[in-house]
Amino acid sequence: MLSNVQKATRGALSIMTVRQELAKLLQQGIRRSQEVGALPEFDIPPVEVTPAKPEFGDYSSNIALQLARLARMAPLRIAEIIREHLPPTDMATLDVAAPGFLNFRLRPTWVAQQVLAIEAQGREWTRSQVGGGRSVQVEFVSANPTGPLHFGGARNAVLGDTVARVLDRVGYRVQREYYVNDAGTQMRKFGETLFARYAQVLGEDVPVPEDGYMGRYMIGYAERIVREHGRRFLDMPREEAIRALTDLGLSLVLEELRQDLADLRVVFDNWFSERSLYEDGTFEKVLAMLRERGLVYEKDGALWFAATKLGGDKDEVIVRSSGEPGYFASDIAYHYNKFIIRGFDWVIDVWSVDHQGHVPRMKTVMKALGIDPERLTILLYNLVTLKRHGVEVKLSKRAGDIITLREVLDEVGPDPIRFMLLTRSNNAKIDFDLALAVEQSQDNPVYYVQYAHTRIAGILRKARAEGWTRWDDGDVHLLTHPSEQALLKKVLDLPDLLITVAERLEPHHLTYYAQDLATHFHAFYRDCRVVDPARPELTKARLRLVAAVKLVFAHLLEDILGMSAPEVM
RNA sequence: GCCCCGGUAGCUCAAUGGAUAGAGCAACGGACUUCGAAUCCGUAGGUUGCAGGUUCGAGUCCUGCCCGGGGCGCCA
């Protein structure tokens, strides 16, 4: 005999979302129809259940319309047959509507009972298993470690981090990786610049190279090195000094990046060194492999990758005529490492849209390595323009002074940055307005969402102040008011939303949902007084409701969106 | 020239091939002796860039064109 709690709980045995449960019901109904001969035999296609407009119910499926051709019957008739053979359920009722939609309406008692499920499972309540424990690596940010992170990189950080958080929730084993470009020409320039700045700090007249890093932050690194190491690098051969300073500078930059990203609540599991690909022989090994497959040839003193043999647009240089491997060489070796050496089932690279031309090349590399290109997803996102009161904040490249993530963090804090950078689809450009981000106005959705959480905290404070000490015996079946039901139904969308976000890698749906959830809470607040001494039973039921909703808000804000969920504002 | 992404309400943007295309802001008009008004309610606002096509059904898919952005390097 199952208790109500166990029945209502999507427990460890069968973790299923609302849409998954309903789809399963339809599937069973179709199979049963076939068994009794009401529908002809055919392979049942995947059954999709989607949210519906309120006038049609809560969820809807067009499966009968899709089956029309397979069953060679009128969709409306098919829908009727499915409905008649649906297994009995206390979860929802099912209606048929022209031209053949199947519309579910959740039963109020079932909806109310979900409060118990949330209470029982807490922040694990949103977890699902569509990932099936497969391993996925999300590689993101990966900006050249030659200075502080540009604010534009924040979008990459927030996008990659949020995708990683969501993939974890839906049952993937996730690793977050920062690819450190510590090899190649950019590092070389960085080292030479640092050497010049270091010498200058010590009073030597060494010019910064023509194409070096002009930003003032380089002087900061130099000063710190002088402070900690004195002038000993001037006493050694120039090349040796540059090598030593490069490594020292690199560790300073990485330390800074780590801190800036941590303050944005982005933490990596691994920092992967590009240089290591050359030091441990991976590059040579992969090169030999490509050579063996006849995909490498020499021309004009350079080594080329024969991408055209695999359907690519044009061949690519792997090793330049100078003898130095290019970035493409590293990328081949790096992805070999990801898939062959470390064995990730799935890899997501997060790139800004100006690298779009590189996508087909990476897909060709996958073919060359003998790996299914489907296992690599390149997630592209559009650029961010920084504004203040609607006016673009120009970036001065000449001076090398960029608007850094650090500056914006100091000015507006992590919450608006994270939220605002998730309010647009990946393909859309974002105008980030510094003034708006801190403005506590109606224009600012960050506060709107956080206020909902704060308001609930206020209700609970009020309840305790008035002597309500426990409400765990409240009867949730009293939660029948339309606004209570609507709020709960909106809450029930979250596990399915996380699956959608994971499938489409579109985390902007989360911020829209958060606003929508807040709107539903505010509507409930308007319609239903929670603390009411005249109605103690209803008060206890509603306290259970708002406590559960508060938990969901906190979970969404903190665990999914990486923001804070304030008790007071 | 070729490739990719956008074009939806005055503005900024949503919208798995589904039903009458939705939010926020701005505009206008309302609601605080009440658990926090950082809130809520109402009004108004649309030929989804243009023209064809595919089908039970198209903002969504296909073709062509127009406008904007990006990419096409022995840079990353």
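Chain identifiers are assigned alphabetically (A, B, ...) following the order of the sequence lines, protein sequences preceding nucleic acid strands; residue numbering begins at 1 within each chain.
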Can you list every side-chain hydrogen bond (donor to acceptor under 3.5 Å, both in side chains) pair that touches residues 298-312 of chain A, not counting sequence neighbours?
A:Thr308-A:Asp315
So side-chain hydrogen bond (donor to acceptor under 3.5 Å, both in side chains) across residues 459-468 of chain A, not counting sequence neighbours, yields A:Lys462-A:Glu466
Starting at [atom1] of [X] and ending at [atom2] of [N], how long is that distance when rounded to a whole Å?
{"X": "A:Arg361", "N": "B:C75", "atom1": "CZ", "atom2": "P", "value": "12 Å"}
{"X": "A:Lys490", "N": "B:A23", "atom1": "NZ", "atom2": "P", "value": "11 Å"}
{"X": "A:Tyr448", "N": "B:A37", "atom1": "OH", "atom2": "C1'", "value": "13 Å"}
{"X": "A:Phe190", "N": "B:C75", "atom1": "CZ", "atom2": "C1'", "value": "18 Å"}
{"X": "A:Arg155", "N": "B:G70", "atom1": "CZ", "atom2": "C1'", "value": "14 Å"}
{"X": "A:Met569", "N": "B:A38", "atom1": "CE", "atom2": "C1'", "value": "6 Å"}
{"X": "A:Lys314", "N": "B:C3", "atom1": "NZ", "atom2": "C1'", "value": "12 Å"}
{"X": "A:Leu65", "N": "B:A58", "atom1": "CG", "atom2": "P", "value": "14 Å"}

With sugar-phosphate meaning primed atoms plus P, OP1 and OP2, does [X] contact a base, only sugar-phosphate, or nothing at under 4.0 Å between heavy atoms?
{"X": "A:Glu48", "value": "base"}
{"X": "A:Pro51", "value": "base"}
{"X": "A:Arg19", "value": "base"}
{"X": "A:Arg504", "value": "sugar-phosphate"}
{"X": "A:Val49", "value": "base"}
{"X": "A:Val568", "value": "base"}

Distance, [atom1] atom - from [M] to [N], rounded to whole angstrom:
{"N": "B:C13", "M": "B:G46", "atom1": "C1'", "value": "15 Å"}
{"N": "B:C74", "M": "B:C5", "atom1": "C1'", "value": "29 Å"}
{"N": "B:G24", "M": "B:G53", "atom1": "P", "value": "38 Å"}
{"N": "B:C67", "M": "B:C25", "atom1": "P", "value": "36 Å"}
{"N": "B:C61", "M": "B:U54", "atom1": "C1'", "value": "8 Å"}
{"N": "B:C2", "M": "B:G64", "atom1": "P", "value": "10 Å"}
{"N": "B:U60", "M": "B:A15", "atom1": "C1'", "value": "9 Å"}

Validate the cation-pi geometry between A:Arg455 and A:Phe521: distance from NZ or CZ to the six-membered ring centre under 6.0 Å, angle to the ring axis within 45°.
no
Among all residues two or more places apart in sequence or in another chain, which pass the side chain to side chain donor-acceptor pair (under 3.5 Å) test with [X]?
{"X": "A:Asn103", "result": "A:Ser60"}
{"X": "A:Asn337", "result": "A:Arg342"}
{"X": "A:Glu567", "result": "A:Lys550"}
{"X": "A:Glu537", "result": "none"}

Record whether the side chain of A:Ser322 comes under 3.5 Å of the base of B:C74 through a donor-acceptor pair of N or O atoms.
no
Within the modelled atom types, does a donor on one side and an acceptor on the other bring the side chain of A:Asn62 and the base of B:G18 under 3.5 Å apart?
yes
[atom1]/[X]: more than 12 non-hydrogen atoms of other groups inside 6.0 Å:
{"X": "A:Glu374", "atom1": "CD", "result": "no"}
{"X": "A:Asp431", "atom1": "CG", "result": "yes"}
{"X": "A:Lys189", "atom1": "NZ", "result": "yes"}

Short of 4.0 Å, heavy atom to strand atom, which residues of residues 516-527 of chain A count as contacting RNA chain B?
A:His522, A:Tyr525, A:Arg526
Who pairs with A:Tyr334 by ring pair (Phe, Tyr, Trp, His ring centres under 6.0 Å), at least two apart in sequence or on another chain?
A:Tyr179, A:Phe272
Taking ring pair (Phe, Tyr, Trp, His ring centres under 6.0 Å) as the test, write out the residues that go with A:Phe553, two or more places apart.
none
Which of these passes side-chain contact (heavy atoms from CB on, under 4.5 Å) with A:Val47: A:Leu67, A:Ile82, A:Ile63?
A:Ile63
A:His522 and A:Tyr448: aromatic ring centres closer than 6.0 Å?
yes
Is any NZ, NE, NH1 or NH2 atom of the basic residue among A:Glu139 and A:Lys338 found under 4.0 Å from an Asp or Glu carboxylate oxygen of the other?
yes
Closer than 4.0 angstrom, basic N to acidic O: yes or no for A:Arg535 and A:Asp532?
yes
Syn/anti state for B:C32 [syn: chi within 90° of 0]
syn
Please write out each protein N/O paired with an N/O of nucleotides 11-14 of chain B under 3.5 Å, distance rounded to 0.1 Å.
unit_1: B:U12; atom_1: O2'; unit_2: A:Arg424; atom_2: NH2; d: 2.5
unit_1: B:C13; atom_1: O5'; unit_2: A:Arg424; atom_2: NE; d: 3.2
unit_1: B:C13; atom_1: O2'; unit_2: A:Tyr512; atom_2: OH; d: 2.5
unit_1: B:A14; atom_1: OP1; unit_2: A:Ser425; atom_2: N; d: 2.8
unit_1: B:A14; atom_1: OP1; unit_2: A:Ser425; atom_2: OG; d: 2.7

Can you tell which of B:C35, B:G36, B:C75 lies closest to the side chain of A:Lys462?
B:C35
So if I take every side-chain heavy atom of A:Tyr447 and compare against B:C74, B:C35, B:A38, which nucleotide ends up nearest?
B:A38
N/O to N/O distances under 3.5 Å, protein versus nucleotides 19-21 of chain B:
unit_1: B:A19; atom_1: N6; unit_2: A:Ser60; atom_2: OG; d: 2.8
unit_1: B:A19; atom_1: N6; unit_2: A:Asn103; atom_2: OD1; d: 2.9
unit_1: B:A19; atom_1: N1; unit_2: A:Asn103; atom_2: ND2; d: 3.4
unit_1: B:U20; atom_1: O2'; unit_2: A:Lys53; atom_2: NZ; d: 3.3

Heavy-atom nearest nucleotide on RNA chain B for A:Gln515 versus A:Thr454: which residue maps closer to 5'?
A:Gln515
What stems, by residue range, does RNA chain B take part in, given at least 3 consecutive Watson-Crick or G-U pairs under 3.5 Å?
B:1-7 with B:66-72, B:10-13 with B:22-25, B:27-31 with B:39-43, B:49-53 with B:61-65
